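Position 1 is the first residue of the sequence; numbering continues from there. Treat the numbers as computed from the prediction; the structure is a model and nothing was measured.
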Amino acid sequence: MRCIPPEPDFSEGQHAEKAVWDLLKAELPDNVVLAHSVQVRHGRAEHEIDILVLWPGVGLAALEVKGGQITNEHGQWFQSGSNGGKHKLQDPLAQSQGSAHAFKDWLSDQIGSPLTSRFAYMASFPYSVMSAEWVKTGSPRALFLDQNDLKSPAERIRHAIETEGGGAVPLATRFLERIIPRLEGSLDQPETSAAGYEEDEEKQDRLTERQAVLLGATRSLTRIKFTGGAGSGKTWLAVEKARELCKAGKRVGLFCYNKGLGMHLSNEVLRWKSAKPAFTGEFHEFVKSLGVPDGVGQEYYDVEMPRMLKELAIAQPASHRKIRRRHRG
C-alpha cells in the first residue's frame with residue numbers, strides 16, 4: 001500500500017488518528033493510497049482532512065477522526081475524554097464535508113479539469129459505538145465508522161463511496177497518478193557546489209541575453225513561432241513580447257492552453273505598471289467570453305470550437321469589430 005507520508009509523525013494528541021490509520025493500512029487493498037493530514041487552503045479558508053483514502057476503481061473518501069467517547073444530545077455533538085471532561089464538538093460530518101469540498105475544488109484548479117470521481121466525506125469514532133439503527137437528519141449512518149465498523153473497514157468505506165459518494169465514475173488509476181504528486185509535493189535540490197551554482201547563474205545570464213536578441217528580432221515580424229523544451233524560455237519570450245506590444249499601444253491577447261499556466265500569466269501581468277493585454281489566460285475561456293457555446297471532448301476542441309469561432313468572426317461586420325475593440329481595449 002502506498003502511504004503519504006510513508007511513516008506519518010503522529011503527535012501526542014493523535015492517538016485516534018493513528019489507530020484508524022493502522023487499521024485502514026492493514027485492511028484496505030494494496031492498490032489503495034492513504035494520505036494523512038492533508039492540508040487544504042482554498043481561497044481564504046483552511047481545511048484539513050485527517051485521513052484521505054484514494055481507491056482505484058472505487059473512489060475517494062475523506063475521514064474526520066474523533067477520539068474519546070462521542071455522543072449526540074438533542075442535535076449537539078459532544079466529546080468526552082478519559083479525565084471525565086466533556087466539551088461540544090463541531091458536527092464531525094459537516095467538518096469532513098467542508099474539507100472534502102475544499103480539496104475537490106482545489107484539485108480541480110490544480111489539474112485543470114473537474115474531479116468527477118465518487119467522493120464520500122465520512123467521520124470515524126474509533127473508541128465509540130453507534131447503533132446500526134442510529135438516525136440523524138442529513139447524517140446517514142453509512143458515513144460513520146465506529147469501533148465495530150473498524151473491524152472490517154474496507155467494505156464499509158467502499159459501500160459509503162458507492163452509495164453516498166456522489167460523482168459519476170469510479171476513481172481511474174490514471175487520474176490517481178495525477179493526484180499523487182500534488183499530495184506528496186516532493187521538492188528535490190540538485191547536489192551542486194558553490195562553483196556549480198555560479199556556473200548555473202552565468203548560463204542563465206547568457207540565456208537571457210540570447211532571449212533579448214531573439215525578442216528584438218521579432219519587432220518587424222507579424223508572425224513568429226518559438227519552440228523548445230521545458231525551461232528554454234518560451235513563456236518569458238511570450239510575456240515580454242506582450243508587454244512590448246502593450247507599451248506600443250497595440251491591443252494584445254496573451255493566451256495559453258492550461259489553467260496552471262494561465263494563472264501564472266495572469267500573476268505576471270498583474271505586476272505590470274504599463275498597459276495590460278485585453279485578455280490573459282486560457283484560450284478556451286476567451287472563446288467562451290465571445291459567446292461560443294462550451295463543450296467537451298477532443299472533437300469539440302479540434303473541430304466544433306474552431307468552426308463556431310470562424311463563423312462568429314465572419315458574421316461580425318467590420319464596423320462592429322472596431323467598436324468592440326475600442327470597448328474592450
Connected via hydrophobic side-chain network under 4.5 Å: [X] and [Y]:
| X | Y | result |
| --- | --- | --- |
| I70 | M122 | yes |
| L143 | L24 | yes |
| F286 | Y257 | yes |
| V287 | F279 | yes |
| L176 | M1 | no |

How many angstroms lie between [atom1] in [X] and [atom2] in [Y], if you round to the nearest 0.5 Å?
| X | Y | atom1 | atom2 | value |
| --- | --- | --- | --- | --- |
| L23 | S124 | CG | OG | 8.5 Å |
| K104 | S99 | NZ | OG | 14.5 Å |
| K276 | L254 | NZ | CG | 12.5 Å |
| Q110 | R182 | CD | CZ | 6.0 Å |
| F10 | H15 | CZ | NE2 | 11.5 Å |
| L150 | D22 | CG | CG | 11.5 Å |

*Stepwise, does the side chain to side chain contact (heavy atoms under 4.5 Å, CB included) test hold for I111 with F175?*
CA-CA 10 Å; I111 293 179; F175 202 83; 4.0 Å; yes
Spell out, as yes or no, whether a donor-acceptor pair under 3.5 Å connects the side chain of [X] to the backbone of [Y].
| X | Y | answer |
| --- | --- | --- |
| E162 | V58 | no |
| S96 | L93 | no |
| S108 | L115 | yes |
| Q76 | L89 | yes |

Distance-minimising heavy-atom pair for [X] and [Y]:
| X | Y | answer |
| --- | --- | --- |
| W272 | P277 | CZ3-CD, 3.5 Å |
| R141 | M130 | NH2-O, 3.3 Å |
| P126 | V65 | CD-CG1, 4.1 Å |
| A142 | E164 | CB-CG, 4.4 Å |
| R41 | W106 | O-CD1, 3.9 Å |
| A102 | H47 | CB-CD2, 3.3 Å |

Describe, in one word, how the ring planes of [X] and [Y] are oriented to each other, choosing from parallel (under 30°), tilted (30 to 60°) and perpendicular (over 60°).
| X | Y | answer |
| --- | --- | --- |
| F103 | F119 | perpendicular |
| W134 | W77 | tilted |
| Y300 | H284 | perpendicular |

With heavy-atom distances below 4.5 Å as the criterion, would you say the side chains of [X] and [Y] are in contact?
| X | Y | answer |
| --- | --- | --- |
| L309 | F283 | yes |
| S128 | D146 | no |
| Q14 | W21 | no |
| V20 | L145 | no |
| V33 | I179 | no |
| R118 | P170 | yes |
| L34 | I4 | no |
| W55 | R158 | yes |

*Please lay out, stage by stage, how L54 and L183 fare under the test side chain to side chain contact (heavy atoms under 4.5 Å, CB included).*
CA-CA 11 Å; L54 303 103; L183 289 174; 3.9 Å; yes
*Just do the side chain to side chain contact (heavy atoms under 4.5 Å, CB included) check on D91 and K136 with the steps written out, would you?*
CA-CA 12 Å; D91 187 324; K136 182 179 183 294; 4.2 Å; yes
*Charged N to carboxylate O below 4.0 Å: is that the case for K288 and E285?*
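Counted as a salt bridge, because a side-chain N and a carboxylate O are separated by less than 4.0 Å.
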*Decide, yes or no, whether a salt bridge links E177 with R174 under the criterion of side-chain N to carboxylate O below 4.0 Å.*
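Salt bridge: no.
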*Tell me, which pairs form a ring pair (Phe, Tyr, Trp, His ring centres under 6.0 Å) where one or both residues lie in residues 145-172, sequence neighbours left out?*
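Passing the test, one end in residues 145-172: no pairs.
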*Answer yes if the side chains of E27 and S152 hold a donor-acceptor pair under 3.5 Å, and no otherwise.*
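There is no such pair (donor and acceptor under 3.5 Å, judged by atom type) between the side chains of E27 and S152.
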*asked:* Evaluate E64 against Q90 for side chain to side chain contact (heavy atoms under 4.5 Å, CB included), listing each step before the verdict.
replied: CA-CA 11 Å; E64 177 70 24; Q90 180 182 345; over 6 Å; no
*Would one find more than 12 heavy atoms of other residues, nucleotides or ligands at under 6.0 Å from atom CG of D9?*
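No - once you tally the heavy atoms of other residues, nucleotides and ligands closer than 6.0 Å, there are 12 at most.
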*asked:* Other residues, nucleotides and ligands only: do more than 12 of their heavy atoms fall within 6.0 Å of NZ on K18?
replied: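 At most 12 heavy atoms, drawn from other residues, nucleotides or ligands, come within 6.0 Å of this atom.
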